[in-house]
Structure formats: structure tokens, C-alpha cells
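Quick note: numbers below take in every heavy atom, side chains included, and nothing from hydrogens, waters or symmetry partners.
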Amino acid sequence: MNDHLERIVQAVQQINQAPELHRHRLILVVVAAMQTLSFQEIADQLGFHYINVNFELSQRLLEVSKQQQPIKAFRLLNDEIIGQPVQQGLVLDHFEILFDPGLRLDPMRYLLDVSRYYTVVARWNGSYDKGYLVYAEPGHPEYVQYQPKDGVIISVESNP
């Protein structure tokens with residue numbers, strides 16, 4: 001098992017062993033642009049359900065008008081994509097679609113909400129600097145900055 005995967009597994013074990021200490025069971029893995037960490041492998045190792053959020057949500061939104069997408073996106077995520085009961089937890093990969101301003105979703109709030117019910121490991125394709133998670137660049141329509149108060153953040157800078 002590589003070092004990054006081992007750190008993720010340990011974080012999941014810590015959260016699951018003391019759930020009363022964690023309101024949200026969320027592990028955000030901040031992945032550097034050139035990192036080749038396999039989130040399918042992480043899901044397999046943990047026995048978690050793997051979801052490629054971009055693929056699943058975009059497929060379902062193809063048949064929805066642009067005007068209806070903000071209304072339906074949240075319901076599709078909850079009812080069809082993530083809403084299926086799982087025993088262990090979820091690995092959410094490629095969830096950049098949640099940052100689309102046209103969908104009017106708050107990706108961090110959504111991840112935190114889901115992590116109240118499931119242990120969630122999610123790939124953060126942005127940066128973590130000085131206590132802030134950042135997605136996109138300032139001025140970009142998808143730019144957001146969060147100062148997380150709960151959850152575990154694992155920064156993966158380079159391949160081990």
C-alpha cells in the first residue's frame with residue numbers, strides 16, 4: 001500500500017472508531033495537478049462505494065432543460081446518485097460539476113451534509129493553503145474558498 005493510500009485508510013479508521021467526535025465524517029484529499037492517485041483503488045481498499053460524480057450527474061442532466069437543472073441537480077444527487085444506502089462509505093471522485101454556477105449548489109455544504117450519514121472520502125481538485133481550501137482561480141466563475149471547520153484534510157503533493 002502506498003503512503004498516500006495508507007494515510008487515507010488511517011484517517012477513515014480514526015473517524016469510524018470515534019464517530020461521536022466528528023459531526024461530519026468527511027476526508028478531503030487535496031490532489032496536486034500531476035498526481036495519479038487512484039480513487040477507485042481507494043474505494044476498493046476501503047470497501048466503499050465509488051462514484052464519479054461528474055459522469056453520473058452530467059448523464060442525468062442531459063435530459064433536463066437548462067432552466068430546470070438547478071432545481072433537479074440536488075434531487076438527482078440525493079435520490080439517484082448518492083441516495084442509495086451503502087454499508088461502509090463513499091468515495092466521491094470528479095465532482096467538479098458541483099462548482100458549476102448554473103447549478104446553484106454549494107459543494108462544501110453538500111459534502112458536509114452527505115458526510116453526516118456516510119463516511120466520505122472525496123478528491124479536492126484545488127489547493128489547500130493557510131487553512132483554506134480553494135477551487136479555481138480568483139475571477140473565475142467557479143472560484144470558491146472555504147475555511148473548513150470539520151473533517152480531515154489530506155494533502156497529496158507528489159507521488160510517493
Flag yes if [X] and [Y] sit in one hydrophobic cluster, no otherwise; membership is Ile, Leu, Val, Met, Phe, Trp, Tyr, and two members link when side-chain heavy atoms are under 4.5 Å apart.
X      : Y      : value
Ile71  : Leu76  : no
Val134 : Tyr128 : no
Leu98  : Tyr143 : no

Report the residues that fulfil side chain to side chain donor-acceptor pair (under 3.5 Å) with [X], sequence neighbours left out, ordered by chain and then residue number.
X      : answer
Tyr117 : none
Gln10  : none
Glu96  : Asn54, Asn125

Quick check for you: to the nearest 0.5 Å, what is the distance between [X] atom [atom1] and [Y] atom [atom2]?
X      : Y      : atom1 : atom2 : result
Glu41  : Ile8   : CD    : CD1   : 9.5 Å
Gln45  : Gln40  : CD    : CD    : 12.5 Å
Ser58  : His94  : OG    : NE2   : 12.0 Å
Ile154 : Arg123 : CD1   : CZ    : 13.5 Å

**OP:** Kindly indicate, with the supporting measurements, whether the criterion side-chain contact (heavy atoms from CB on, under 4.5 Å) is fulfilled by Gln69 and Leu103.
**Re:** CA-CA 6 Å; Gln69 286 183 358; Leu103 295 181; 3.8 Å; yes
Original post:
Any donor-acceptor pair under 3.5 Å linking the side chain of His24 with the backbone of Leu26?
Top reply: no
Original post:
Got a sec, which residues hit side chain to side chain contact (heavy atoms under 4.5 Å, CB included) with Glu137, two or more places apart in sequence or on another chain?
Top reply: none
Within the structure provided, determine whether [X] and [Y] are in side-chain contact (heavy-atom separation under 4.5 Å).
X      : Y     : result
Ile81  : Leu57 : yes
Val53  : Ile97 : yes
Ile82  : Leu92 : yes
Trp124 : Val29 : no

Least distance between heavy atoms, [X] atom then [Y] atom:
X      : Y      : answer
Ile153 : Pro148 : CD1-CG, 3.3 Å
Gly102 : Pro70  : O-CG, 3.0 Å
Pro101 : Glu142 : CD-CG, 3.8 Å

**OP:** Sorted by first residue and then second, give each salt bridge (charged side-chain N to carboxylate O under 4.0 Å, His left out) pair with at least one member in residues 49-66; sequence neighbours left out.
**Re:**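 Passing the test, one end in residues 49-66: Glu56-Arg60, Arg60-Glu80.
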**OP:** Give me the ring orientation class for Phe99 and Tyr135: parallel if the planes are under 30° apart, tilted from 30 to 60°, perpendicular past 60°.
**Re:** parallel
**OP:** Determine, stepwise, if the pair Ile51 / Leu90 fulfils side-chain contact (heavy atoms from CB on, under 4.5 Å).
**Re:** CA-CA 7 Å; Ile51 300 172; Leu90 299 167; 4.0 Å; yes
Subject >> ring pair (Phe, Tyr, Trp, His ring centres under 6.0 Å) partners of residues 37-61, not counting sequence neighbours, each pair once >> reply: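 Sorted result for residues 37-61: empty, none.
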Sequence neighbours excluded and cut-off under 3.5 Å, please list the side-chain donor-acceptor pairs for residues 104-115, or say none.
unit_1: Asp106; atom_1: OD1; unit_2: Met108; atom_2: N; d: 3.2
unit_1: Asp106; atom_1: OD1; unit_2: Arg109; atom_2: N; d: 3.3
unit_1: Asp106; atom_1: OD1; unit_2: Tyr146; atom_2: OH; d: 2.9
unit_1: Tyr110; atom_1: OH; unit_2: Asn78; atom_2: OD1; d: 2.8
unit_1: Ser115; atom_1: OG; unit_2: Leu111; atom_2: O; d: 3.3
unit_1: Ser115; atom_1: OG; unit_2: Leu112; atom_2: O; d: 2.9

